[in-house]
Each structure stands twice: as C-alpha cells, then as structure tokens.
Number of protein chains: 2
Amino acid sequence: MTSDKPPTPSVWTRPHPKRTRPALNRERIVAEAVRLLDDEGLESLSMRTLAVRLGTAATSLYRHVTSKDELIELVVDELYGELDVPDPAAEWRAPLAGCARSLRAMILRHPWAASVLGQVGLAELGPNLAHQSARQLALFHAAGFPPGEAERAMDGLLAYVIGMGVSEAAYLSLLVRTGQTEHPRELRDGTFDYGLDRYLDGLQARLAAL
Amino acid sequence: MTSDKPPTPSVWTRPHPKRTRPALNRERIVAEAVRLLDDEGLESLSMRTLAVRLGTAATSLYRHVTSKDELIELVVDELYGELDVPDPAAEWRAPLAGCARSLRAMILRHPWAASVLGQVGLAELGPNLAHQSARQLALFHAAGFPPGEAERAMDGLLAYVIGMGVSEAAYLSLLVRTGQTEHPRELRDGTFDYGLDRYLDGLQARLAAL
DNA sequence: ATCCACTTGCGTACAGTGTTCGCATATGCG
DNA sequence: CGCATATGCGAACACTGTACGCAAGTGGAT
C-alpha cells in the first residue's frame with residue numbers, strides 16, 4: 001500500500017481526471033440552500049444538513065460564508081433574482097400588476113420566503129434586489145409619479161404583496177399543521193387580486209389628481 | 001443536620017408564610033415572554049432565559065405550555081389583545097385608518113413582532129385575534145361592503161399594514177446592525193400614510209361603484 | 001525542483017438550544 | 001390520616017452555530 005502509484009498513470013486510473021469536483025463556492029452553496037429550503041422547509045436548514053447535500057463538512061461552508069445569517073441574506077437576494085419585472089409601457093397598470101404578481105408568484109414558489117423576509121427583510125440590498133428595485137421604480141416614474149412620490153407608491157405596493165404573502169404562507173402552514181383540507185388556490189388568487197385592484201385604483205385616482 | 005426542624009416554628013421561620021409565590025401559570029409566562037422580547041429581542045428568547053426571569057427552571061414551563069412554538073402563538077394572541085379597534089361611525093374612513101394605525105403602532109411597539117408574524121402568521125386564531133377580527137370586519141360592513149366582499153377588503157388592509165411593518169422592522173434592524181444614523185420617524189410615518197391613503201381611496205372608489 | 005505564502009477542507013470541541021423523563025414535593029379530597 | 005393528582009425541577013439527549021488548529025493543495029518566485 002506504500003507508494004504504489006503507477007509511474008505513468010492512464011487517463012482512467014488517474015485519481016480525478018480533470019477537475020475533481022465543481023469545487024465549493026458561494027454560488028453552489030446558495031443554490032443548494034434554496035433547493036434544501038424548497039424540499040424540506042425553513043427549520044430543516046442547518047449548516048450540517050446543507051453540507052451533507054454538498055458532499056462536504058459543515059465547517060467548510062464557513063470558508064465561503066461568514067455565518068448562517070449571511071447565507072440567508074444571500075439566499076434572499078437569490079430569490080429577488082427570480083423576479084421578472086415587466087418593461088414600462090404606454091399603459092402603466094398592467095406592468096405594475098405584473099410586477100406585483102411576479103413577486104407573489106416567487107413567494108408562493110418558496111413558501112419559506114415569507115418567514116425569511118420577516119427576519120432579514122429587504123436585507124443589505126444585494127445586487128439582484130438593487131437591480132429589480134430600480135426596474136420597479138422605473139414603472140412608477142413611467143406611470144407619471146414625480147421623483148419623490150414614486151418611492152412611496154412603490155413601497156406601498158411591495159408592502160401589500162409581502163404582507164399578503166406572509167399572511168397566506170402562515171395560513172397555509174396552519175392548514176398543513178392541522179391537517180385540514182386545503183383552501184382552493186382560486187379563492188386566494190381572488191383575494192389577492194381584489195386588494196391589488198383597490199390599491200391600483202387608489203394610485204389611478206392619485207395620478208388623475210396630479 | 002438530621003430532622004432539625006423546630007417543633008412549633010414561629011411565623012417568621014416558617015419557610016413561606018402565606019402563598020410562596022404568585023405561582024407559575026400560563027398568563028405569567030406569556031406576559032414575561034413579551035417583556036423579555038421587548039427588552040432583549042427575538043433571538044434572546046429561550047426557555048432557559050425566560051425561566052430565569054420567572055425564578056423557575058426551564059422545564060417547569062412545560063407544565064403550562066407544550067412547546068416554544070405554542071408559547072409564541074400565545075404571545076402573538078397577546079399582542080392582538082393590545083389593539084384597540086375603533087367603533088363603527090357614520091364616516092367609515094376615519095375608523096378604518098384608526099384601525100390600521102393601531103395595528104401599526106402595535107408592531108412598532110414590539111419590533112420583533114414582524115419576524116414572529118412571518119413564522120406563525122395570524123396563527124390558530126386565539127381569543128384576542130378572533131375578537132379583534134370581528135370588530136374590524138364590522139367596520140367594513142358599516143362602510144357598506146357586502147358580506148362576501150368585506151373580508152377581502154379587510155384582508156387587503158391588514159396585508160398592507162403587516163407588510164409595511166415587516167419591511168420597516170427589517171429596515172430598522174439593518175440600520176442598527178450597520179450602526180447607521182436613524183431614519184426619521186416622520187418620514188416613515190409619511191410613507192405609511194401615503195400607501196394607506198391610496199388603499200382607502202381605492203376602497204372609496206369601489207364603494208361609489210357599488 | 002525547492003521554498004514559501006496563501007487558500008481550502010475538515011475533525012474536534014464548546015456553549016447553548018428545545019425537549020423528555022423520572023423523581024420529589026405540594027395540594028386537594030375522601 | 002391516606003391517596004390521587006398536579007406541579008417544580010435536575011439530569012440527560014440530540015442538535016444547533018461556529019471558533020480553532022491542523023493537513024493538504026496551489027501558485028508564484030527563486
């Protein structure tokens with residue numbers, strides 16, 4: 001067993017022909033964290049379980065991420081990368097509604113996001129959040145809101161969508177916990193659209209009064 | 001040291017003259033938990049630290065509360081008990097705004113509530129939540145919303161306030177973490193009122209079209 | 001090739017968590 | 001008094017996030 005390495009190893013016996021592994025890096029860690037959260041939920045995310053999925057040890061993760069909190073911030077920014085904010089158009093209402101629905105869809109795709117948003121909020125605005133926020137703001141400017149007011153109109157819309165997502169995720173988890181029958185998705189979509197329409201109506205009235 | 005108890009102990013040497021303690025019960029536990037959360041924040045709440053404050057052992061709490069999650073649900077319902085929902089009046093707008101501001105004030109009084117709401121949501125509607133929800137719903141009925149629609153209008157308003165609270169709490173905790181200067185309260189109140197007015201305007205337009 | 005500075009993986013360990021179990025004590029009731 | 005039941009709690013378990021130090025790899029300068 002001592003130094004039995006072949007002098008000129010064939011391509012096949014060489015320990016790891018090309019690159020041994022995709023190598024551990026921040027992107028891989030964050031991506032796997034999102035997958036783990038989708039599969040198992042928020043309380044199942046621990047540095048150890050995540051490491052097992054990545055085929056490494058828990059402490060290895062700390063070479064690329066300084067803490068679990070930072071990991072969660074990175075995860076949140078990753079989520080914001082999933083949004084696709086529509087381009088501004090002649091009509092402002094449809095793009096804004098699309099923007100809101102895209103955010104809602106993201107939250108429903110990752111129900112644990114509601115809890116995480118409460119913990120970390122919009123976080124230390126990572127690159128994705130910064131980018132998407134700028135695109136969202138452009139929609140409000142295109143709609144005719146003056147520079148100082150567009151931010152407030154946008155904050156209100158985001159607050160509505162996030163609050164709806166938080167309430168809905170909590171309600172769904174309650175149903176799951178009590179094993180109750182599921183609330184039909186259509187009803188929940190209807191409730192969401194109702195409130196969205198009211199808020200957009202309010203924006204419309206405001207634009208008309210400008 | 002063996003059986004040296006006095007045969008007829010005086011009132012003063014008796015171990016605990018009257019009632020030894022206020023006795024541990026659910027109310028005292030929940031009340032102290034809220035106080036601990038206000039003082040030290042969400043991540044400082046552990047069964048052990050809470051027990052120390054109550055002068056008992058951690059495991060004693062489990063005689064009155066089945067788990068930490070249940071404790072948090074009880075805490076949330078306690079918070080809802082702090083709301084004071086206005087009575088219905090001839091004019092619907094002021095009571096609704098008061099209702100929203102009361103909820104917002106509660107969240108700002110207990111900034112950790114934003115994170116907790118994300119975890120437990122409106123929870124297994126405890127008595128306080130049930131009571132306040134009924135009062136809130138009455139405001140929408142008094143405003144003229146038909147039975148099926150009042151719930152949706154109410155859900156939208158609550159979602160807006162909760163989402164605003166979540167975003168704001170996260171933003172404030174970010175400022176604290178980075179040691180940055182504080183965002184003046186007036187500005188944040190202004191942003192809140194702006195969105196609130198837009199939503200209420202939307203409700204007004206809807207009522208006019210009924 | 002040889003050294004060196006530096007990065008990366010990871011085994012060990014520690015303090016702290018929620019929670020279970022079993023024992024001791026208190027309490028109410030016949 | 002005697003007994004059933006409720007309550008307090010010390011010990012222990014499985015698990016968490018993370019600091020530390022050692023080993024192995026990497027890339028450049030000599």
Side-chain angles (χ1 to χ4, degrees), chain A residues 1-3 5 7 9 14-30 32-33 36-37 40-76 112 115-116 119-120 177, chain B residues 1-5 9 14-30 32-33 36-37 40-76 112 115-116 119-120 177:
Chain A
M1 289 288 183
T2 64
S3 78
K5 286 183 179 177
R14 248 183 302 172
H16 295 291
K18 300 192 168 181
R19 52 191 60 173
T20 71
R21 280 275 174 108
L24 201 52
N25 57 11
R26 198 176 265 208
E27 295 173 28
R28 248 175 44 94
I29 292 176
V30 172
E32 192 63 45
L36 171 57
L37 286 164
E40 319 246 13
L42 182 57
E43 67 282 357
S44 293
L45 171 65
S46 80
M47 302 304 271
R48 284 171 175 83
T49 60
L50 179 56
V52 167
R53 283 198 167 219
L54 287 164
T56 70
T59 54
S60 302
L61 304 177
Y62 285 87
R63 292 291 179 191
H64 306 89
V65 156
T66 68
S67 70
K68 186 180 179 182
D69 284 346
E70 180 182 296
L71 171 61
I72 289 184
E73 286 175 16
L74 293 171
V75 162
V76 168
W112 44 271
S115 315
V116 162
Q119 282 172 37
V120 80
R177 247 176 314 175
Chain B
M1 290 287 182
T2 64
S3 78
D4 53 354
K5 286 183 179 176
R14 247 182 303 172
H16 296 292
K18 300 189 171 184
R19 52 191 58 174
T20 71
R21 280 275 174 106
L24 201 53
N25 56 12
R26 197 177 266 206
E27 296 173 28
R28 247 174 46 94
I29 292 175
V30 172
E32 192 64 45
L36 171 57
L37 286 164
E40 318 247 13
L42 183 57
E43 67 281 358
S44 294
L45 171 66
S46 81
M47 301 304 271
R48 285 171 174 83
T49 60
L50 178 57
V52 167
R53 283 197 168 220
L54 287 163
T56 70
T59 55
S60 302
L61 305 177
Y62 285 87
R63 294 290 178 188
H64 306 89
V65 157
T66 69
S67 70
K68 187 181 180 180
D69 284 345
E70 181 182 295
L71 171 61
I72 289 183
E73 286 174 16
L74 293 171
V75 162
V76 168
W112 45 271
S115 316
V116 161
Q119 282 174 35
V120 81
R177 247 176 316 175

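In what follows, every chain begins at residue 1, and chains take the letters A, B, ... in the order their sequences are listed. Here the structure is a predicted model, which is why all the values come from computation and not from measurement.
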Minimum-distance pair of heavy atoms, taken over all atoms of B:Ala51 and B:Ala57: CB-C, 3.4 Å
Non-neighbouring partners of B:Ser46 that pass side-chain hydrogen bond (donor to acceptor under 3.5 Å, both in side chains), sequence neighbours left out: B:Thr49
Length of the line joining A:Leu24:CG and C:dT8:P, which is rounded to integer Å: 10 Å
Between C1' of C:dG18 and CD of B:Glu43, the distance in whole Å: 17 Å
Pairs meeting criterion salt bridge (charged side-chain N to carboxylate O under 4.0 Å, His left out) with involvement of residues 54-63 of chain B, two or more places apart: none
Separation of D:dG17 P from A:Glu70 CD (nearest whole Å): 15 Å
Stretch residues 44-53 of chain B: residues that reach within less than 4.0 Å of DNA chain D through a heavy atom: B:Arg48
Sole residue of B:Leu24, B:Leu74, B:Val75 in side chain to side chain contact (heavy atoms under 4.5 Å, CB included) with B:Ile29: B:Leu24
Listed partners of A:Glu27 passing salt bridge (Lys or Arg N to Asp or Glu O under 4.0 Å), at least two apart: none
Minimum heavy-atom distance A:Ala33-A:Leu71, with the two atoms named: CB-CD1, 4.3 Å
Qualifying salt bridge (charged side-chain N to carboxylate O under 4.0 Å, His left out) pairs with a residue from residues 45-56 of chain A, counting only residues at least two apart or across chains: A:Glu32-A:Arg53, A:Asp39-A:Arg53, A:Glu40-A:Arg53
Within residues 57-65 of chain B, residues whose heavy atoms come under 4.0 Å of DNA chain C: B:Thr59, B:Tyr62, B:Arg63
Length of the NZ-C1' vector between A:Lys68 and D:dC15, whole Å: 11 Å
Protein-nucleotide distance (A:Arg28, atom CZ; C:dT8, atom C1'), rounded to Å: 14 Å
Atom pair distance, as rounded to whole Å: CD1 in B:Ile29 and P in D:dC9: 11 Å
Option passing side chain to side chain contact (heavy atoms under 4.5 Å, CB included) with B:Thr66 (candidates B:Lys68, B:Glu70, B:His64): B:Glu70
